[in-house]
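A short write-up of the structure that comes next.
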Amino acid sequence: MRRALLVLLLTAVCILPASACSCMVPNPVCSSFWETPVVFHGRVIERTLVRPPTEIVRNSDGTTTQAIEPGIYRVRFAVSEMFRGDNQAGEITIETNEQSSACGFNFRDGGDYVVFAYRDEKAQAFATSHCTRTREVTSDATDVDLLWMRGLATAPHGGSIFGVMNLPPKGTGTQSPRILLHGPVDRGIALDAAGKYSFDGLPAGEYTISAKVPDGFRTTDARKVTLLDKGCAEIYWPLSFDSHVGGTVTDTSGTPIAKLMMQISIRDLEYPRGLRGLNTAYTDVQGRYDFAGVSPGDYVIAANEIGPTPELPYPLLYFGDTEEADAAAVVHLQPSATIENINFTMPAGWKKVPISTRVVLPNGMPATGADVSAYDTKYPWSGMPATAMVSADGSATVEVYAGRSYYLVANQNGVQQHCAGPVRVVAKSGLPTQSLVIEHNWGNCLAQLNPKFKAPR
């Protein structure tokens, strides 16, 4: 079961951010049914919240925090229909995470549900989540999953493979996309007016399915599908222009630069720097990059989009040899065209220098275990600043690039995060030791650079 940390302060309540639930759309019932060991229809008769023991943690500022791990709900159902699984008792208990951010399913007392449950080997119990086809039944007589499962025993033999492809824009080609099937039977079918297709009445077995698209377009490669009797597979085919925007990135000596993050964007004033990023790519060992399947339009290409990192001593550079987004050259792409000369020459790499810091708590004691980060003031949004860990005596040395301006911050992690800074410095050799005091009760010290920032009470 996925776990996150829920925090209750003794003087106030604070919930630390948890990762949002992220999962694929569940497969259709004719596929999910065969993949799920327990499937039933039932009513909730009891919910029990079970949590691990709480823990009292002392924070760096002397306050205490009651740390409570999120729990699980054990949900007992009265089973009205058992479609998969062996259950003779008329009741079954299913577990689900308490937090929706951990994909827990929010059952309600007395609710009527169709439940798709899997075996949680760690907990030695059956569990379900928001990522399955589990859902509340609003109409017993018209629920599509229930109707399909109730009719399964008398349904005719054979399976189906179906899906959809986004159609080419009108006027861009006359050839109609086709879906081709090879296996126990071979078939081909054209998309309908909505871009849908379906192969029905197929014998069980392994199939290879592919798509033939018009000239000037591209889609994904052929895929293999193992089809069960009375089962199904749903396959979506993305369609894009067979176009490319690419080039090379080298330094001033002509040496290729590898592992540099490139970004293709369109101008949009609603986004930072007036650019909305569409896709990223990384340069290979030859310094080459390629954006494939790009729609026709006007684009801005950036090299080293994340800004300088400890491994890559280069600025963010836009095509047109500028560091300013407003001055970037526009790359115009025609339908299904290829542009291969969007090349970059990065300026000479910067040289590293050390900055010594001393990080202490408000009482002057060393902030052992804290970490120091140096954010280039031109790229404060960078996700890869230079960092160093604070030693037992409170010291830390972070390596940055000479002549660049930085915000120095320190964070002491734990149940409750505290931070120090930002302290602004210009990196150079012989810089005095920089003092940082862990004194703020918020996690992101750079937040106070925003004029609208209000410190938490």
Side-chain angles (χ1 to χ4, degrees), residues 5 7 9-12 14 16-17 56-65 67 306-316 349-457:
L5 191 61
V7 174
L9 300 185
L10 294 185
T11 56
C14 176
L16 293 182
I56 303 299
V57 180
R58 183 167 296 279
N59 300 311
S60 59
D61 61 356
T63 62
T64 55
T65 298
I306 200 170
T309 68
E311 290 75 32
L312 294 167
Y314 306 103
L316 184 163
W350 302 317
K351 304 300 181 183
K352 286 187 175 180
V353 295
I355 294 181
S356 299
T357 65
R358 176 170 170 75
V359 187
V360 298
L361 301 174
N363 60 9
M365 296 295 292
T368 305
D371 57 81
V372 176
S373 298
Y375 290 87
D376 191 302
T377 58
K378 189 167 183 176
Y379 309 99
W381 36 262
S382 173
M384 297 182 65
T387 60
M389 186 68 69
V390 175
S391 63
D393 65 357
S395 64
T397 299
V398 59
E399 285 197 319
V400 294
Y401 296 115
R404 304 294 300 177
S405 174
Y406 291 90
Y407 293 120
L408 296 178
V409 299
N411 290 90
Q412 188 169 56
N413 297 308
V415 176
Q416 185 179 357
Q417 191 181 54
H418 291 73
C419 70
V423 173
R424 184 166 182 166
V425 297
V426 175
K428 62 180 180 179
S429 298
L431 196 69
T433 298
Q434 303 297 304
S435 177
L436 294 166
V437 181
I438 301 287
E439 57 186 352
H440 306 307
N441 65 339
W442 58 86
N444 179 12
C445 281
L446 294 181
Q448 63 183 304
L449 297 174
N450 186 335
K452 298 182 180 180
F453 173 74
K454 293 183 178 180
R457 299 178 63 183

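In this chain, numbering begins with 1 at the start of the sequence shown. Just the heavy atoms: all of them, side chains too, but no hydrogens, waters or symmetry mates, feed the values below.
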Rounded to the nearest 0.5 Å, what separates atom CG in N411 from atom CD1 in I438?
6.5 Å
Just how far is it from atom OG1 of T377 to atom CG of L449, taken to the nearest 0.5 Å?
10.0 Å
Quick check against the 3.5 Å criterion: does [X] have a side-chain atom that pairs as donor or acceptor with the backbone of [Y]?
{"X": "Q448", "Y": "G421", "answer": "yes"}
{"X": "Y314", "Y": "G307", "answer": "no"}
{"X": "S373", "Y": "V409", "answer": "no"}
{"X": "K428", "Y": "V353", "answer": "no"}

Could you walk me through whether L361 and Q412 satisfy the side chain to side chain contact (heavy atoms under 4.5 Å, CB included) test, starting with their C-alpha distance in whole Å, then the side-chain angles of each, then the deciding distance to 0.1 Å, before giving a yes or no?
CA-CA 10 Å; L361 301 174; Q412 188 169 56; 3.5 Å; yes
Indicate the atoms forming the closest heavy-atom contact of [X] with [Y], along with that distance.
{"X": "L446", "Y": "P422", "result": "CD2-CB, 4.1 Å"}
{"X": "R358", "Y": "T433", "result": "N-CG2, 3.8 Å"}
{"X": "K352", "Y": "Y401", "result": "CG-CE2, 3.6 Å"}
{"X": "A374", "Y": "V400", "result": "CB-CG1, 3.6 Å"}
{"X": "L436", "Y": "V423", "result": "CD2-CG2, 3.5 Å"}
{"X": "V398", "Y": "L408", "result": "CG1-CD2, 4.4 Å"}

Does atom NZ of K351 have more than 12 heavy-atom neighbours, drawn from other residues, nucleotides or ligands, at distances under 6.0 Å?
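No, NZ of K351 has 12 or fewer neighbouring heavy atoms, counting only those of other groups under 6.0 Å.
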Tell me, do [X] and [Y] make a side-chain contact under 4.5 Å, heavy atoms counted?
{"X": "H440", "Y": "C445", "result": "yes"}
{"X": "Y379", "Y": "P315", "result": "yes"}
{"X": "R424", "Y": "S405", "result": "yes"}
{"X": "V372", "Y": "Q434", "result": "no"}
{"X": "Y406", "Y": "D376", "result": "yes"}
{"X": "I355", "Y": "L431", "result": "yes"}

